Each structure stands twice: as C-alpha cells, then as structure tokens.
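Structure, as structure tokens:
Just so it is clear: chains get the letters A, B, ... in the order the sequence lines come, proteins before strands, and each one is counted from 1. Note that this is a predicted model, so its numbers are computed, not measured.
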Amino acid sequence: MQVTATDTPEENATGTGWSGFRRGVRDIMPVMIGVVPFGLTYAVLAAEKGLSFNQIMLKSALMFAGASQFVALELWSFPPPFWPILLAVLAVNFRHVLYSATMGRKMRHWPAAGRLFGFFFLVDPNYAFVELKAGKKLSAGYYFGLSLPMYSGWLVITAIGAIFGEQIGDTRVYALDFVFAAYFTYIILGFRNRPNAYPVVIASAVGGLAAYFLIGPPWHIAIGASAGIVTAAALARGPTADSEAAT
Amino acid sequence: MSDSAQAYLLIVALGLATYATRIGGDLILSRFGKLNPRVEAALDSIPIAVMTALLAPIALASGVANVVGVIVAGLISLKFPMHYALIGSVPVVAALRAFGF
C-alpha cells in the first residue's frame with residue numbers, strides 16, 4: 001500500500017488519556033477566539049428573526065454547526081419553510097460526510113458507541129486538528145479535549161448573544177471574524193507536504209471561486225472541494241496505477 | 001400545528017440531518033475493506049480541498065483587508081505556531097478595515 005500522507009505518522013501522536021485531553025484543549029483554545037464573534041452574531045440575528053431563547057439554544061445544542069445555522073436563519077420566516085431550510089442545511093453540511101469518511105479511518109479502534117457519540121462533535125476545527133496532528137490512531141482523550149471546550153463554548157457564547165443581543169453591536173469592527181480565515185490559512189499550509197497539495201489547492205480555489213460567483217454560496221464548498229478531490233485522485237501515482245489495474 | 005411547534009420540529013430535523021452528515025461518511029466507508037489507492041489519495045486530499053474551498057471567497061472576494069490578512073497569516077504560519085498567525089493577522093485586518101479597505 002502506498003504510504004498514506006499523514007503528517008505525523010506515529011500512532012496516537014498526540015498522547016492518550018489526560019495528556020491527550022490537555023493537548024487537545026491547548027490546541028483548540030486559540031480557535032475559540034474566532035468562535036466568539038461567530039456565535040454572538042448568530043444569536044443576535046436569530047433573536048432579531050424572532051426565535052425564542054429556547055429555540056436559539058436548542059438549535060446550537062442540536063446542530064452545533066455555525067455556518068449552516070446562519071444559512072437556516074437567512075431562510076427563516078413564520079412559519080419556517082421546512083424543506084428549503086433542510087435542503088440548504090444539508091448542502092452546507094455535506095462536507096461533514098467527507099470529514100467523517102476520512103476521520104473514521106483513524107477511529108477503527110474505537111467502540112461503535114464511542115464513534116457514534118464522537119461524530120456528533122465533528123466540526124471543522126476539530127477535524128482539521130485531527131487530520132493535522134493525531135497520526136494514524138486518534139486518541140479519544142485528544143478528540144474530546146478538542147470537542148468539549150468547543151461544544152460548551154458554543155453554547156455559552158450563543159446564550160450570551162441571545163441574552164445581551166443588541167448591546168453587543170457590530171463585531172466586524174474588531175475583525176474577529178477574520179480569526180477563521182487566518183486559522184484556515186494555517187491549516188491549509190500545514191498540509192503542504194501532502195502529495196499533490198499544490199494542485200489540489202489550486203483546483204479547489206479556482207473551482208470554489210467560480211462556483212461562488214456563478215452559482216453562489218453555499219455551493220462553492222461542495223463544488224470547490226470536488227474539484228480538488230478529483231484532481232488528487234487523477235494525479236495519484238506510483239504503485240497506484242498497477243494496483244488499480246489489478247482490481 | 002402552531003408556529004412554535006413547527007419551529008421546534010424543524011430545529012430537531014436540522015439537528016438530525018446535521019448528525020446524519022457527520023456519521024454518514026464513516027458508515028459508508030467502513031463497509032469497504034481495503035481501499036483502492038486512488039480512493040485513498042482522494043480521501044487524503046479532503047482536508048485541503050474542503051478548507052481551500054471554504055477559504056477562497058473569504059480570502060479573495062471579501063475586500064482588500066482580507067487579502068492582505070491571509071498573506072500575513074500565511075507567511076507567519078510557515079514558521080510559527082497557529083496563535084502567532086492569529087495574533088499577527090487579525091490586528092492588521094482590523095486596522096485596514098478602520099481605514100476603509
């Protein structure tokens with residue numbers, strides 16, 4: 001088999017148990033800064049749309065998916081259109097299918113119930129750190145060290161936004177929304193030694209931008225990602241061609 | 001059904017749909033044994049491909065401040081840990097936005 005392009009090939013690269021948990025908490029903390037304006041803005045907008053405090057909180061607790069919570073809000077009215085909102089949310093969250101397919105390979109040693117529980121917390125930052133740092137076997141300690149602050153932080157921030165609402169004002173001024181862009185930049189560069197990283201980046205960026213302008217969000221995520229993934233599959237080389245011929 | 005009940009029903013449905021996307025990929029993939037290397041290569045590219053698609057419009061189609069910010073964050077990321085990239089780039093973007101970029 002071709003050597004898989006894990007950046008830290010050792011098993012349990014982040015440490016297990018408490019040490020893994022602490023490492024996870026340490027990794028996720030800087031990202032939490034970016035969650036603050038995101039969660040506040042979501043809750044403020046939701047309150048303006050007329051959702052009750054309980055509804056705002058339930059949505060954060062059950063979905064735990066910032067981007068798609070925003071998309072659902074944009075389409076929200078009274079009564080809310082069920083299928084359009086559901087479809088839009090599925091379109092934004094489709095990337096999780098890809099995430100869980102890749103991350104699941106590192107969780108084969110987890111019990112089934114643990115996996116079903118763990119996948120609930122599969123958000124972009126957690127996934128990115130797992131891919132970047134966790135090696136071939138993801139330790140539960142590390143994963144929940146990422147997940148617990150993320151999930152509890154998301155709920156706390158949502159509650160603060162829902163309660164204090166308009167007093168918070170426009171968070172764009174502080175550019176805290178840019179934390180996510182900086183963070184994605186760091187993550188993408190962290191993968192630059194993977195095979196064909198540059199062609200994949202170019203294909204995804206071009207495909208994503210084209211879809212963004214021609215079709216509009218959220219489709220740029222699925223279309224841009226597909227362009228990159230197809231490029232990676234097409235460029236896969238070495239023993240690949242032989243073993244493919246054999247299958 | 002009352003408006004409120006309908007809203008709660010939808011919120012629960014959205015939660016279930018989101019959870020389905022989070023277990024879906026693993027449920028499908030774990031049915032297969034050894035994977036074709038081309039499929040492995042495609043899976044290995046997923047984090048780069050998805051993150052790039054998410055970032056591209058934010059970086060390149062959301063104002064000059066963001067373009068500069070991504071360049072600054074990228075240069076710092078080549079040498080330093082993540083929080084340096086955040087601390088170094090966010091104030092730059094805030095300053096540029098304050099000057100109307």
Side-chain angles (χ1 to χ4, degrees), chain A residues 2 4-5 30 55 58-59 62-63 65 72 78-80 82 85-86 89-90 93-98 100-102 104 116 119-120 122 128 131 174-175 178-179 181-182 184-189 191 194 197 200-201 204-205 208-209 212 220-221 224-225 228-229 232-233 236 240 243-244 247, chain B residues 3-4 6-15 17-19 21-26 28-30 34 36-61 65-66 69-70 73-74 77-78 82-83 85-86 89-91 93-94 97-98:
Chain A
Q2 197 181 13
T4 46
Q55 290 168 345
L58 191 67
K59 220 167 141 194
L62 293 182
M63 291 178 74
F78 287 90
F82 190 92
I85 293 181
L86 193 68
V89 164
L90 280 172
N93 286 336
F94 182 75
R95 67 187 191 285
H96 294 137
V97 176
L98 303 173
S100 91
T102 31
L116 288 179
F119 276 123
F120 177 81
L122 181 53
E131 282 292 318
Y174 314 111
F178 188 78
V179 168
F184 281 133
T185 306
Y186 172 85
I187 294 290
I188 293 166
L189 282 167
F191 292 122
R194 286 198 175 186
V200 171
V201 164
S204 305
L209 279 173
Y212 184 81
H220 65 285
I221 306 170
I229 293 164
T240 308
S243 49
E244 197 180 51
T247 43
Chain B
D3 270 13
S4 160
Q6 214 165 342
Y8 278 110
L9 184 70
L10 175 57
I11 289 170
V12 172
L14 295 178
T18 304
Y19 182 61
T21 63
R22 287 182 170 139
I23 49 168
D26 183 56
I28 296 164
L29 202 72
S30 57
K34 195 171 175 297
N36 178 315
R38 226 173 255 280
V39 177
E40 289 275 4
L43 288 171
D44 285 332
S45 77
I46 284 173
I48 317 177
V50 178
M51 305 269 161
T52 305
L54 283 170
L55 178 67
I58 304 171
L60 300 173
N66 281 22
V70 165
S77 301
L78 294 176
M82 182 178 70
H83 51 279
L86 302 186
S89 62
V90 170
V93 175
R97 284 184 191 169

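With chain A as the partner, the residue from B/Ala49, B/Gly15, B/Ser77 showing the most heavy-atom pairs under 4.5 Å is B/Ala49. Between chain B and the options A/Ala225, A/Ala128, A/Gly208, heavy-atom pairs under 4.5 Å are most frequent for A/Ala225. In terms of heavy-atom pairs under 4.5 Å with chain A, the best-connected choice from B/Leu14, B/Leu54, B/Val90 is B/Leu14. Note: A/Pro79 leads A/Gly104, A/Pro79, A/Ala232, A/Gly228 in heavy-atom pairs under 4.5 Å with chain B. Ranking B/Asp26, B/Leu10, B/Leu55 against chain A, the residue ahead of the rest is B/Asp26, based on heavy-atom pairs under 4.5 Å. Taking B/Val50, B/Thr18, B/Thr21 one by one and counting their heavy-atom pairs under 4.5 Å with chain A, the maximum is reached by B/Thr21. Interface remark: of the candidates A/Ser204, A/Pro80, A/Ala197, A/Ala65, A/Ser204 forms the most heavy-atom pairs closer than 4.5 Å to chain B. Residue with the most contacts toward chain A among B/Ile48, B/Val12, B/Ile58: B/Ile48 (heavy-atom pairs, distance under 4.5 Å). Considering only heavy-atom pairs separated by less than 4.5 Å from chain B, the leading option among A/Arg95, A/Gln55, A/Lys59 is A/Gln55. No other option in A/Gly224, A/Ala101, A/Ala181 has as many heavy-atom pairs under 4.5 Å with chain B as A/Ala101. Comparing B/Ala85, B/Gly69, B/Gly24, B/Ala59 by how many heavy-atom pairs each has under 4.5 Å with chain A, the most go to B/Gly69.
Going from atom OG1 of B/Thr52 over to atom CG of A/Leu209 covers 10.5 Å, rounded to the nearest 0.5 Å. Summarising the geometry, atom OH belonging to A/Tyr186 is positioned 13.0 Å from atom CE belonging to B/Met51; distances are rounded to the nearest 0.5 Å. Note that CZ of A/Phe178 and CZ of A/Phe184 are 12.0 Å apart. Values are rounded to the nearest 0.5 Å.
For A/Phe82, there are no ring-ring contact (aromatic ring centres under 6.0 Å, His included) partners at least two apart in sequence or on another chain. The side chain to side chain donor-acceptor pair (under 3.5 Å) check on A/His220 picks up nothing, with sequence neighbours excluded.
With a 4.5 Å cut-off on non-hydrogen atoms, A/Phe78 touches chain B through its backbone and its side chain both. Interface remark: A/Leu58 contributes backbone and side-chain atoms alike to the contact with chain B (heavy atom separation under 4.5 Å). Using a 4.5 Å cut-off between heavy atoms, B/Ile23 contacts chain A through both its backbone and its side chain. Heavy-atom distances place both the backbone and the side chain of A/Ile221 under 4.5 Å from chain B. Contacts of B/Val39 with chain A are absent, with no heavy-atom separation under 4.5 Å from either backbone or side chain. At a 4.5 Å heavy-atom cutoff, the contact between B/Ala17 and chain A is made by backbone and side-chain atoms alike. Of the two parts of B/Leu43, the backbone and the side chain both hold a non-hydrogen atom closer than 4.5 Å to a non-hydrogen atom of chain A.
Using a 4.5 Å heavy-atom cutoff, the side chains of A/Met63 and A/Val89 are in contact. In this structure, the side chains of B/Leu60 and A/Tyr212 stay at 4.5 Å or more apart for every pair of heavy atoms. Looking only at side-chain heavy atoms (C-beta outward), A/Glu131 and A/Arg194 come within less than 4.5 Å of each other. Contact check for B/Asn66 versus B/Arg97: side-chain heavy atoms found under the 4.5 Å cut-off.
Remark: the backbone N or O of A/Leu116 is paired with a side-chain donor or acceptor of B/Tyr19 at under 3.5 angstrom. A donor-acceptor pair under 3.5 Å links the side-chain atoms of A/Ser100 to the main chain of B/Arg22, judged by distance alone.
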